[in-house]
Colleague: 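Once you've had a glance at the structure underneath, I'll fire off some questions.
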Amino acid sequence: MIFVKLAENISVACFAFFGGALRYVLSQNFCATGTLIANLCGCFLLSFITFFVIKRAKWPSWLTTGLGTGMIGALTTFSTFSFETVAFLQQGAVLIGVTYWLANLCGGLLFAALGCALGGKL
């Protein structure tokens, strides 16, 4: 049991490195749009991983924990999304701020539903 938990912890740390690095690259190259891309991809991937990989493929728990908690957790960011939304509003770009907020929330739900649907059909 202790080896399984150790493997899960190492897996989370390793996958988090890649998820965080990918989010950094996206935010450096696309600013707020990079955060939106990361969040939407993360919503899709987490629901797909949950409904396809975990429920059907039965991959080892250390791998699914690393992918879901580590990589997707490090890739997505609620704090940066919140900060960027407030920054848009404070700069007077209310339409952009509201659009960005809606794109993250509604888009996230849509992408999660798509990941769920695709994962359930495969």
Side-chain angles (χ1 to χ4, degrees):
M1 181 67 170
I2 194 164
F3 293 111
V4 172
K5 290 297 178 192
L6 180 62
E8 286 178 352
N9 289 336
I10 291 170
S11 177
V12 167
C14 291
F15 279 105
F17 171 80
F18 292 107
L22 179 57
R23 179 164 59 97
Y24 175 78
V25 168
L26 287 169
S27 66
Q28 290 299 305
N29 290 306
F30 301 105
C31 299
T33 306
T35 303
L36 177 63
I37 292 168
N39 287 340
L40 296 179
C41 288
C43 289
F44 175 82
L45 289 172
L46 185 60
S47 64
F48 179 79
I49 287 169
T50 300
F51 284 93
F52 178 70
V53 175
I54 294 175
K55 292 195 177 209
R56 295 182 185 227
K58 302 293 182 197
W59 289 3
S61 66
W62 64 266
L63 182 57
T64 56
T65 301
L67 285 169
T69 303
M71 188 177 81
I72 305 300
L75 174 64
T76 59
T77 173
F78 186 77
S79 58
T80 303
F81 149 62
S82 299
F83 172 78
E84 289 169 347
T85 301
V86 170
F88 283 133
L89 297 175
Q90 287 179 338
Q91 295 167 4
V94 176
L95 182 60
I96 293 172
V98 170
T99 302
Y100 182 71
W101 182 76
L102 286 170
N104 269 280
L105 294 179
C106 296
L109 290 171
L110 175 65
F111 275 69
L114 291 172
C116 175
L118 182 63
K121 289 188 188 219
L122 293 180

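Side chains are part of it too, since the values below use all heavy atoms of this structure and drop only hydrogens, waters and symmetry mates. In what follows, residues are counted from 1 in the order of the sequence shown.
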Colleague: Group every Ile, Leu, Val, Met, Phe, Trp and Tyr by side-chain heavy-atom contacts under 4.5 Å, then state whether Leu45 and Phe15 land in the same group.
Modeller: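 Same hydrophobic cluster.
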Colleague: What's the verdict on side chain to side chain contact (heavy atoms under 4.5 Å, CB included) for Thr77 and Asn39, showing C-alpha distance, side-chain angles and the deciding distance?
Modeller: CA-CA 7 Å; Thr77 173; Asn39 287 340; 4.1 Å; yes
Colleague: Using the ring-ring contact (aromatic ring centres under 6.0 Å, His included) rule, collect all pairs that involve residues 58-79, keeping only residues at least two apart or in two chains.
Modeller: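 Of all non-adjacent pairs touching residues 58-79, those that pass ring-ring contact (aromatic ring centres under 6.0 Å, His included) are Phe78-Phe81.
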Colleague: Table please: side-chain donor-acceptor pairs of residues 18-26 below 3.5 Å, with sequence neighbours left out.
Modeller:
| residue | atom | partner | partner atom | Å |
| --- | --- | --- | --- | --- |
| Arg23 | NE | Ala74 | O | 3.0 |
| Arg23 | NE | Leu75 | O | 3.4 |

Colleague: Identify the heavy atoms of Asn104 and Leu40 that sit nearest to each other, and give their distance.
Modeller: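 What the structure gives for the nearest pair is O-CD2, 4.4 Å.
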Colleague: Mind listing the closest non-hydrogen atom pair of Ser11 and Gly66 along with its distance?
Modeller: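 In terms of heavy atoms, the two residues are closest at OG-CA, 3.2 Å.
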Colleague: Looking only at heavy atoms, what is the nearest atom pair of Cys43 and Gly108, with distance?
Modeller: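 Heavy-atom minimum between the residues: CB-O, 3.4 Å.
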Colleague: Please report the interatomic distance CG(Leu114) to CG(Leu109), rounded to the nearest 0.5 Å.
Modeller: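 So the gap between those two atoms works out to 11.0 Å.
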Colleague: Could you tell me which non-hydrogen atom of Glu8 sits nearest to which non-hydrogen atom of Ser61, and how far apart they are?
Modeller: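 Smallest interatomic distance, heavy atoms only, reads OE2-OG, 2.8 Å.
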Colleague: Test of understanding: clusters of I, L, V, M, F, W, Y form through side-chain heavy atoms closer than 4.5 Å, transitively. Do Leu46 and Ile37 belong to the same one?
Modeller: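 Unlinked, Leu46 and Ile37 end up in two clusters.
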Colleague: According to a 4.5 Å side-chain heavy-atom criterion applied to Ile, Leu, Val, Met, Phe, Trp and Tyr, with indirect links allowed, do Met71 and Phe17 form part of one hydrophobic cluster?
Modeller: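 They do not share one cluster, since no chain of ILVMFWY contacts under 4.5 Å joins Met71 to Phe17.
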Colleague: Roughly how far apart are Cys116 SG and Phe111 CZ, rounded to 0.5 Å?
Modeller: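 Reported to 0.5 Å precision, the distance equals 15.0 Å.
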Colleague: Can you confirm whether Ile96 is buried at CD1, in the sense that more than 12 heavy atoms of other residues, nucleotides or ligands lie under 6.0 Å from that atom?
Modeller: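 It does not: Ile96 CD1 has 12 such atoms or fewer within range.
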Colleague: Atom NZ of Lys121 and atom CZ of Phe51: how far apart are they, to the nearest 0.5 Å?
Modeller: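 It is 13.5 Å, given to the nearest 0.5 Å.
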Colleague: Shared ILVMFWY cluster between Val98 and Val86, side chains joined below 4.5 angstrom?
Modeller: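 No, Val98 does not connect to Val86 through the hydrophobic network.
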Colleague: May I ask whether Val53 and Leu118 are part of the same hydrophobic cluster, defined by side-chain heavy atoms of I, L, V, M, F, W, Y residues being less than 4.5 angstrom apart, directly or through others?
Modeller: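 Looking at the clustering, Leu118 is in the same group as Val53.
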Colleague: Looking at Thr99 and Leu95, what are the two nearest heavy atoms and their distance?
Modeller: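 In this case the closest contact between Thr99 and Leu95 is OG1-O, 2.7 Å.
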Colleague: What closest approach, in Å, do Phe48 and Leu122 show between heavy atoms, and which atom pair accounts for it?
Modeller: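 Smallest interatomic distance, heavy atoms only, reads CE1-CD1, 3.7 Å.
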